[in-house]
Amino acid sequence: MPLADRWLALGLWVVLSAAGIAAARIDIFPPAGAREAQVADATFRLLVRLAAPVFALVVTVLVVTLARRRGHGDPPPDAVPGPEHPAVPRAWFGLTAALAAYVIYNPGLVGIHEMRGDPQADLVVRVEATSWYWEAIYPDAGVRSRELVLPVGRRVRFEITSRDVLHSFWIPAFRTKVDAVPGLRTVLLVTPTTAGTSAAHDAYRLQCAELCGTGHDTMRASVRVVDEETFRRWLRGRQRAAGPGRP
Amino acid sequence: MRFVLRGLAWGALGYLGGGPGLAALVRWMGGPAWRLETVLTVGYPFALTGWLAGVGLWDAWARGWFGLPVRPLPAAGWRRYLAFCTDHKVIGIQYLVTFVGLFLLAGAMALVMRVELAWPGRTLVGPAAFNQVMSFHGIVMIAVAIAVVLGGLGNYLVPLMIGAPDMAFPRVNALSYWLVPPVALLLLGAQLVGGFNTGWTAYPPLSEINPAGQALFILAVITFGLSSILGGINFIVTIARLRAPGMTWGRLPIFVWSVFAASVLSFTFTQYLAAALLMVLLDRQAGMAFFHFARQGTPLLYQHVFWFYSHPAVYIMILPAFGVALEVLTHFSRKPLYAYRWAVGGFLGIVGLSPLVWAHHMFTSGMREGLHAPFLVTTEAISVPTGLVFLSALGTLWRGRLWLRTPMLFAGVGFVWNFLIGGLTGIFNADVATDLHLHDTYFVVSHFHYTIVGGEIFALFAALYYWFPKLTGRLYDERLGRLHFWWIFLAYNATFLPMFWLGLHGMNRRIGDYPPALAGVNLFVSVAAFLLGAGVLAAVVSLGRAWVRGPRAAANPWQATTLEWQVPSPPPAHNFPAPPQVVGPPYPYGQPGLRHAVMPAVGGDR
């Protein structure tokens, strides 16, 4: 390969990598309504930055070889293969293994740790999935609701189960989900950080994300993240409406 | 045709005796009345036995075994394509035509879904029908992806490329193929008894309480699994034992290595899928409780067993595609394959790691959180052997003399670009912190379509164009080929790139309706999908025309070095007049004095 091609390739790789890394700054995400969403989005951006040089490398080789190394003739004469330096595959193997090890560590294992966060919660909400609707139960207040209302800033522990088939508890604005499994109580810890409602943005919706039959796509519940005062008022209103003695 | 009709007739007789007949006998003896599903399930093994016997096993195997006079099966002309023929080239064509046909059918189902998804709300089909269409698309495409390259091209090419007269077990090979029509019939017939609506994954409890179509789905998948296992054994033994003199493991064409690696996986892991589905069937019909939570079963167990096969399965799909892509890249760069031994190491590394990653499909399943980290580690480790395949591809392009014919466009541009995107987006799904959001969304849908369609199906097209002269003895139209490449490539990316955005923005998978805010992008995707469908159809039609009307091809129009090109196009029965003598590496381009093989008789060797 002529010297010029190597410099062309190096330049293209640097430019494409830089463009990819810069592109990770663009906000391509739906509203982030929870601490977990911030972790997920930051992880997503980091992965874009780490993937950019790899993507750029392959694209560079494609572009440079397609532009500069077209053979002429039908078929073209054989290429003149240079010596295969045994160091190149070894170096490639070492570098990719090191990169993989880094990605496994950060954001991989670090991300798991950050996503999990504080195991202590200050509000428990039980969630029951039934084909094809959701019910939220606030055991401390004795309230049962088809709408999920949460206070901003409190750590919520969702205890989720299903009464029939598999469902999956997913609020896109929170960037996390867990299946509702019959006979099992699965747990999801989330700290909502931003007020929002389904009416304002559909990322605030409780959506079933595991195929569960005919009503799967419309198995949604409205989600409202509100300030503490509004939340308390809502709970009291639901208690009055339900009357005494009902969970 | 006679044998197919006889197979159908014997199959019907077998079913009537073993299904309704046995049910009536049980009832007459005072037993319980069987449900329709049980009649169908019990009758099926009898129907399958009748079908196989009728279609050729009786003549090809049983008559001789029992000392009866053996009747010859059709061995020449087009009739052999509709008969139990043991010629690996016939079987390869049977696989290719069958699975390209099924690919078009399941692709049409994808377009039905795209009409429904073009606008929010109900458009064309109701939610129940949507789930059936989606599930049919899913399982048929999985079968296509498993068998079209491995079964079709593998069967046709492996014996030719290793210098063998046929596969090691030619009759088992024919049996593998003739197990496939019942699979297609079951999946279509299931639609008459309620269909199946659980995707291709068939998770219980839903798959234990839905209509009888689910039972036929299970029987179809188990039958297909049997075909897959038999094919796997056959490839392993063929490659291990039937290589021509001098064809050492280090001189095998890379495609043969990829078939070997994929066969190890299909031989080893397919039974886990069959076991998982058999347990669902027993839960449904025999009152067992493997996954039935109310009877102390556990639904999560199914997912573990299912993915223990189904993750290796994606490598059964993609490894032969890697082989095709590297094969085409090296011939069309007019250069030896770069880092051949590292690429083989990459294949074997993938084989070794693939059974250790299954639970990355289950980060949101509710399994113990402590399992997230180990499966993240093993999954991301697979990027290292996969990286070796990329090293080989890029190193081959570098310093090459690129011959930009249609196969090279599909492999060198299409496959490399698409699989790059598919591979890198896989990391977002392997990473727990991002996957908890992206799992079960269109991000995943797009990711696996980039690997399997953008990767494997583009490799399939590269292979169809590359080996077209060998398979058909005709030449395709190069200008149309290039046009179809650019058409399919652009439409493909226009269809699937926006799906990453859809998934990120809250569009979950397997839905017929979505929030109105996602409408614009969905309409764009649907329009692009129709362009893609038209492009694929146009390519297949033009290849079909060339097969009938194209100009005659010489033995070696690409001036390629491997053995399949050193025999006439199409090759004669038993391939080689005498075993070729392999004397050098498979791709001795630009290395004067080196050659791959010496042909025993007259022939254009290189």
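The structure presented is a predicted model; accordingly, all values stated were derived computationally and were not measured. Every chain is numbered from 1, with letters handed out A, B, ... down the list of sequences. Scope of the values below: all heavy atoms of this structure, side chains included, with no hydrogens, waters or symmetry mates.
To the nearest 0.5 angstrom, Asp435(B) atom CG is 14.0 Å from Arg175(A) atom CZ. Once rounded to the nearest 0.5 Å, the distance linking CZ of Arg70(A) with CG of Leu404(B) reads 4.5 Å. Note that CG of Asp202(A) is 10.5 Å distant from NE2 of His505(B), once rounded to the nearest 0.5 Å. Note that NZ of Lys177(A) is 7.0 Å distant from CG of Leu438(B), once rounded to the nearest 0.5 Å. Here the straight-line distance linking atom CH2 of Trp170(A) with atom CG of Asp440(B) works out to 9.0 Å at 0.5 Å rounding. Atom CZ of Phe169(A) sits about 13.0 Å away from atom OG1 of Thr364(B), to the nearest 0.5 Å.
Residue pairs meeting the side-chain hydrogen bond (donor to acceptor under 3.5 Å, both in side chains) criterion with at least one partner in residues 26-37 of chain A, sequence neighbours excluded, are Glu36(A)-Arg155(A).
For Tyr338(B), the parts lying under 4.5 angstrom from a heavy atom of chain A are both the backbone and the side chain. Heavy-atom distances place the side chain of Pro299(B), and not its backbone, under 4.5 Å from chain A. Proximity to chain A (any heavy atom under 4.5 Å) is shown, for Pro557(B), by neither the backbone nor the side chain. For chain B, no part of Pro31(A) is nearby; none of its heavy atoms comes within less than 4.5 Å. Heavy atoms closer than 4.5 Å to chain A are found in the side chain of Thr441(B), but not in its backbone. Contact of Phe428(B) with chain A is made through backbone and side chain together, with heavy-atom distances under 4.5 Å. Heavy atoms closer than 4.5 Å to chain A are found in both the backbone and the side chain of Trp403(B). With a 4.5 angstrom heavy-atom cutoff, Val48(A) touches chain B via backbone and side-chain atoms both. Heavy atoms of Asn131(B) lying under 4.5 Å from chain A belong exclusively to its side chain. Contact annotation for Met134(B): only side-chain heavy atoms (C-beta onward) come within less than 4.5 Å of a heavy atom of chain A.
Near-neighbour residues of residues 382-391 of chain B relative to chain A, defined by a heavy atom under 4.5 Å from a heavy atom of that chain, comprise Ser383(B), Val384(B), Gly387(B), Leu388(B), Phe390(B), Leu391(B).
With contacts defined as side-chain heavy-atom distances shorter than 4.5 Å, the pair Leu206(B)/Leu166(A) does not qualify. For the pair Trp342(B) and Arg90(A), the minimum side-chain heavy-atom distance is below 4.5 Å. Between Phe130(B) and Thr214(A) there is no side-chain heavy-atom pair separated by less than 4.5 Å.
In this structure, the ring-ring contact (aromatic ring centres under 6.0 Å, His included) partners of Phe291(B), at least two apart in sequence or on a different chain, are Tyr302(B). Qualifying side chain to side chain contact (heavy atoms under 4.5 Å, CB included) partners for Pro498(B), counting only residues two or more places apart in sequence or in other chains: Val521(B), Phe524(B), Val525(B).
The residue among Thr201(B), Thr298(B), Leu420(B), Asn197(B) with the most heavy atom pairs within less than 4.5 Å of chain A is Leu420(B). Counting heavy-atom pairs under 4.5 Å between each of Gly215(A), Ala40(A), Gly111(A), Pro107(A) and chain B puts Pro107(A) at the top. For the set Met408(B), Glu369(B), Arg509(B), Arg341(B), the count of heavy-atom pairs under 4.5 angstrom toward chain A peaks at Glu369(B). The residue among Glu380(B), Arg401(B), Lys335(B), Gln296(B) with the most heavy atom pairs within less than 4.5 Å of chain A is Arg401(B). Most heavy-atom pairs under 4.5 Å with chain B, from the set Thr186(A), Thr96(A), Ile112(A): that is Ile112(A). Interface check for chain A: of the options Leu518(B), Thr434(B), Val432(B), the most heavy-atom pairs under 4.5 Å are formed by Thr434(B).
One finds a salt bridge joining Asp217(A) and Arg122(B) here, because a Lys/Arg side-chain nitrogen approaches an Asp/Glu carboxylate oxygen to under 4.0 Å.
In this pair, Phe44(A) and Phe443(B) present their aromatic rings perpendicular. The plane angle is above 60°, beyond the 30 to 60° band.
Atom CH2 of Trp558(B) has more than 12 neighbouring heavy atoms from other residues, nucleotides or ligands inside a 6.0 Å radius.
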